Amino acid sequence: MSQIAFQIRQIVQRMWFLPAAFSVVAILSIGIAWFLARFAPENLPFTMPSNGVVSILTILASSLLTVAVFALSTMVSALSSASNSTSPRAVSLITGDRSAQTSISVFIGAFLFSIVGIIGLSAGFYSEAGRLFLFAVTLGVVVLVVTALIRWIGQISAIGRVGHTIDRVEHATREAFTMITEHPFFDCRLQIIAPQGMPINARAVGYVQHVDASKLQRIAKENELTIAITARPGAYVAPNRPLMLVEGSVPDACVDDLAAAFVVGDSRTFYSDPRFGLVVLGEIASKAMSPGINDAGTAIDVIGTLVRVLVARQPHNEDQQPRYDLVSAPPLDPADLIDDAFRPIARDGAATIEVVLRLLAGLKTLAHASGELKQPALAMARDAAARARQAMTAESDLKTLEDAAAFAHEQGGE
């Protein structure tokens with residue numbers, strides 16, 4: 001994906017974009033009704049008085065403003081609830097929820113449609129045919145508003161809740177893994193040996209959000225270079241940390257262009273960074289086990305979600321021909337995936353036998369299901385068991401723990 005496409009994707013996911021788009025469509029529909037009326041016959045079998053259309057539009061304008069404010073206040077409450085009960089990093093997924101955005105956008109767009117329609121009718125802008133067309137469009141808007149309102153009633157019962165937020169993070173993490181599977185190593189070559197070359201450092205401090213591999217390929221081809229990416233999306237970079245290593249004679253004019261192929265922002269994004277999704281899920285489980293919340297059930301639910309995501313993850317296809325042969329990229333480290341997902345749970349849930357048992361069962365599943373994740377999962381199981389031994393005091397819990405953790409020592413010694 002190019003940088004322009006990435007930036008457009010980021011804008012489209014903003015909470016204001018869809019309401020703005022619906023508002024523009026609503027205003028355009030007023031002009032379209034006036035334009036189509038010019039081609040209508042002079043003698044119509046049915047006419048609509050101006051005050052009749054104005055009455056309907058007035059009802060819509062007065063009621064939809066209240067509905068839109070209520071919907072926005074509900075969304076704000078949901079964001080606050082998600083931030084307090086799960087993780088602030090998950091808030092961006094709720095604001096980017098298309099279903100919620102669509103309902104609010106319909107309310108705001110229909111409100112602007114009503115206001116502009118009332119202004120046009122009051123100014124005598126429409127002929128008899130124009131009023132008829134406007135009335136037909138108004139009926140369509142009423143049906144759209146009623147449908148959106150019914151959908152919104154179903155959404156407000158779930159949006160912002162812990163389970164809904166976990167589902168949103170799971171979906172975003174699955175999408176990130178799918179993107180990496182479809183475009184392994186960003187369509188570049190796999191880095192097999194440690195890269196060498198001239199380091200190109202970041203121009204700002206922040207997190208890598210996107211890598212434009214096509215731009216790197218073009219610069220490498222024009223200047224006979226070989227580029228090795230050292231900072232995947234999600235990596236924290238600074239002016240003293242290289243984004244890439246370049247072999248060949250690098251012209252001074254190309255240094256800034258090479259660095260500009262990396263989008264560096266203040267925060268991590270879920271797109272093309274599946275480790276961030278695992279981190280956020282781990283944060284949700286960690287917060288659930290804090291003394292103020294003490295919700296072991298949420299932690300257990302998150303463990304099941306993490307196992308489900310990692311089991312469904314497809315391994316890289318190393319035999320696939322790279323699209324950008326002059327650029328190489330490092331693979332995801334399986335040990336990093338396990339640490340991101342389960343270390344916070346192993347640390348904060350060490351004293352709760354129910355959480356530890358589910359954690360060990362999940363790690364056992366991963367060790368059996370994935371050869372790539374087997375050794376990291378076994379190592380994490382041994383680490384979780386060691387933490388639990390120090391945190392637990394009841395002999396019955398310790399006996400149950402040893403039985404559940406036996407697989408890690410047996411398979412780890414093979």
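Given the structure is predicted, the values throughout are model-derived calculations rather than measurements.
- One N or O on the side chain of Gln217 and one on the backbone of Leu326 form a donor-acceptor pair closer than 3.5 Å.
- Using a 4.5 Å cut-off on side-chain heavy atoms (C-beta onward), Leu378 and Leu363 make no contact.
- Counting heavy-atom neighbours within 6.0 Å of Ile192 CD1, excluding the residue itself, gives a total of 12 or less.
- With hydrogens and angles disregarded, a donor-acceptor distance shorter than 3.5 Å links the side chain of Arg232 to the backbone of Pro330.
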TODO: Mind running side chain to side chain contact (heavy atoms under 4.5 Å, CB included) on Tyr236 and Val205 for me, showing each step along the way?
DONE: CA-CA 8 Å; Tyr236 184 76; Val205 178; 3.0 Å; yes
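- In this structure a side-chain-to-backbone donor-acceptor pair under 3.5 Å is present from Ser370 to Leu373.
- Contact of the Tyr207 side chain with the Thr269 side chain is not registered, since no non-hydrogen atoms from C-beta on lie closer than 4.5 Å.
- With hydrogens and angles disregarded, no donor-acceptor distance shorter than 3.5 Å links the side chain of Ser80 to the backbone of Val76.
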Evaluate the side chain to side chain contact (heavy atoms under 4.5 Å, CB included) criterion for residues Val327 and Phe185: first the C-alpha distance (whole Å), next the side-chain angles of each, then the deciding distance (0.1 Å), finally the verdict. CA-CA 10 Å; Val327 184; Phe185 320 112; over 6 Å; no
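- The shortest non-hydrogen separation linking Pro344 to Gly282 is CB-O, 4.0 Å.
- Of the candidates Asp333, Leu366, Asp383, Ile338 forms a side chain to side chain contact (heavy atoms under 4.5 Å, CB included) with just one, namely Leu366.
- Here Thr400 contributes atom OG1 and Leu357 contributes atom CG; the two are 6.5 Å apart, rounded to the nearest 0.5 Å.
- Of all heavy-atom pairs between Pro195 and Ala228, the closest is CB-CB, 3.4 Å.
- Using a 4.5 Å heavy-atom cutoff, the side chains of Val106 and Thr147 are not in contact.
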Chi angles and distances behind the side chain to side chain contact (heavy atoms under 4.5 Å, CB included) call for Val137, Phe113:
CA-CA 10 Å; Val137 175; Phe113 169 84; 3.6 Å; yes
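- A perpendicular orientation is assigned to the rings of Trp152 and Phe107, their planes being inclined by more than 60° (bins at 30° and 60°).
- In terms of heavy-atom proximity, Gln209 sits nearest to Ser267 at NE2-O, 2.8 Å.
- With rounding to the nearest 0.5 angstrom, the CD1 atom of Ile119 is 11.0 Å from the CG atom of Leu57.
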### Task
Could you give me the CA-CA distance, side-chain angles and deciding distance for Glu170 and Arg174, then say whether salt bridge (Lys or Arg N to Asp or Glu O under 4.0 Å) is met?
CA-CA 6 Å; Glu170 177 185 2; Arg174 284 177 177 271; 3.2 Å; yes
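- Of all heavy-atom pairs spanning Arg268 and Asp273, the tightest one is NE-OD2, 3.0 Å.
- Panel note: side chain Ser286, backbone Ile345; no donor-acceptor pair is recorded below 3.5 Å.
- Side chain of Arg387 to backbone of Ala346: no donor-acceptor contact under 3.5 angstrom is found.
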**Message:** Could you go through Val211 and Leu243, starting from their C-alpha distance and side-chain angles, then the distance that decides it, and tell me whether this counts as side chain to side chain contact (heavy atoms under 4.5 Å, CB included)?
**Reply:** CA-CA 10 Å; Val211 179; Leu243 298 168; over 6 Å; no
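- We find the CG-CZ distance between Leu281 and Arg89 to be 12.5 Å, quoted to the nearest 0.5 Å.
- Here Asp256 pairs with Arg203 in a salt bridge; the nearest charged N to carboxylate O distance falls below 4.0 Å.
- Once rounded to the nearest 0.5 Å, the distance linking CZ of Arg189 with CD1 of Ile227 reads 10.5 Å.
- Side-chain atoms of Leu360 and Leu401, non-hydrogen and from C-beta on, do get closer than 4.5 Å to each other.
- Considering only heavy atoms from C-beta on, Val145 stays 4.5 Å or farther from Phe111 through its side chain.
- Looking at heavy atoms from C-beta onward, Ile293 lies out of side-chain contact with Ser85 at the 4.5 angstrom threshold.
- Taken from OG1 in Thr173 to CG in Leu306, the straight-line distance is 8.0 Å, to the nearest 0.5 Å.
- Proximity of a side-chain donor or acceptor of Asp212 to a complementary backbone N or O of Ala261 within less than 3.5 Å is not detected.
- Between Glu222 and Arg218 there is a salt bridge, since at least one side-chain N of the basic residue sits less than 4.0 Å from a carboxylate O of the acidic one.
- Residue-environment remark: CG (Asn240) exceeds the threshold of 12 foreign heavy atoms within 6.0 Å.
- Open room surrounds CZ on Arg323; 12 or fewer heavy atoms of other groups in view lie less than 6.0 Å from it.
- Checking side-chain atoms of Thr86 against main-chain N and O of Thr165 turns up no donor-acceptor pair under 3.5 Å.
- Contact between Leu337 and Arg275 at its shortest, heavy atoms only, is CD2-CG, 3.6 Å.
- A salt bridge is absent between Glu354 and Arg358; no separation between the charged side-chain nitrogens and carboxylate oxygens falls under 4.0 Å.
- Considering every non-hydrogen atom in both Leu398 and Thr393, the closest pair reads CD1-O, 4.4 Å.
- The closest side-chain heavy-atom distance from Phe270 to Glu175 is not below 4.5 Å.
- Phe276 places none of its side-chain heavy atoms less than 4.5 Å from the side chain of Asp340.
- With values rounded to the nearest 0.5 angstrom, Ser103 atom OG is found 11.0 Å from Ile150 atom CD1.
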